[in-house]
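Every chain is numbered from 1, with letters handed out A, B, ... down the list of sequences.
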Number of protein chains: 2
Amino acid sequence: MPATDRVEAVAEQVFVALADPRRRGVLAVLAANGPSTATDLADRLPITRQAIAKHLALLADAGLVTAEHGERRRVRYGLQPAPMQLAQQFLAALTRDWDHRLDALKNHLEG
Amino acid sequence: MPATDRVEAVAEQVFVALADPRRRGVLAVLAANGPSTATDLADRLPITRQAIAKHLALLADAGLVTAEHGERRRVRYGLQPAPMQLAQQFLAALTRDWDHRLDALKNHLEG
DNA sequence: TTGTATTGCAACCAGATAGTTGCTATTCAT
DNA sequence: ATGAATAGCAACTATCTGGTTGCAATACAA
């Protein structure tokens, strides 16, 4: 698989993740408070722990958070900025590409 | 409503739009070929015209495409880059914010 | 050992989403 | 007037998504 396809796949997962306000909420709490457990997050957000757990699973699958297993069966989830940066680059490239193509079409019509 | 909320609302719609491969396909065709009708797009993509029309409605709602009514009842949809740029700025700000907060947390632990 | 706190799994529900088919209306050419 | 091409609307289906409740298992404290 070409590298650009893998980039697009990661970007897609990031877009899916950021498309949901509750997931953005989870990420915001993690950014503000540092690594937290699902139970901690459920205290600060208006949904149940199990709902949080599902969102965390999706975020972990996208690489946006990673789980670290601590003492007493506790699992803390921490932010992982790399996929965000990838998605940002993908978005920037897409915008540039569009602008370039639209300019080319415009010039083609004028010329 | 504060301006940042409106930015976030637009960014969310862009993320939703870009989260779907078929929608990215529609946008790619529009970028490559310029404004096109739903029927044109249906010829180039593996889904029916009606499915395309639904995606176009969502994209238009997000401001990513605009409809121009032409002759003979034809409606052509063209790319609109502004919301993309907004989403890009939102994503960049988010990434910066995370990095800043994570650094602060790290320094807090070390200091 | 009993209790408390935590995680993980499964079943279930309601609503949204993607797609299809079928139909109607409009426009223009023959 | 007929026919071809296009766009829009509605109904229907299947799948995905977000959320809940309930329950079992684990770990530690008293």
Listed nucleotide nearest any side-chain atom of Arg73(B), set dA11(D), dG8(C), dT26(C): dT26(C)
Measuring only between side-chain heavy atoms, which start at C-beta, is Asn33(B) closer than 4.5 Å to Arg44(B)? yes
Which residue lies toward the 5' end of DNA chain D, Arg22(A) or Glu71(A), if each is placed at its nearest nucleotide? Arg22(A)
Measure the distance from CZ on Arg76(B) to C1' on dA7(D) and round it to the nearest whole Å. 16 Å
Starting at atom CZ of Arg23(B), determine the distance to atom P of dG19(C), rounded to an integer number of angstrom. 8 Å
So if I take every side-chain heavy atom of Arg74(B) and compare against dT6(D), dT20(D), dA18(C), which nucleotide ends up nearest? dT6(D)
Thr39(B) side chain, from C-beta outward: closest of dA7(D), dA5(C), dT21(D): dA7(D)
Counting side-chain heavy atoms from CB outward, which of dA5(C), dT20(D), dA11(D) is closest to Ala51(A)? dT20(D)
Nearest to side-chain heavy atoms of Ile47(A), which nucleotide of dT27(C), dA7(D), dG19(D): dG19(D)
Here the distance between atom P of dA11(C) and atom NZ of Lys54(A), to the nearest Å, is 12 Å
Using atom CZ of Arg49(B) as one end and atom C1' of dA10(D) as the other, report the distance to the nearest whole Å. 13 Å
Compare side-chain N and O positions of His55(A) against OP1 and OP2 of dT17(D) and report whether any pair is under 4.0 Å apart. no
Between the base of dG22(D) and the side chain of Gln50(A), is there a donor and acceptor pair under 3.5 angstrom? yes
So, does Thr48(B) get its side chain near the phosphate of dG19(C), meaning an N or O under 4.0 Å from OP1 or OP2? no
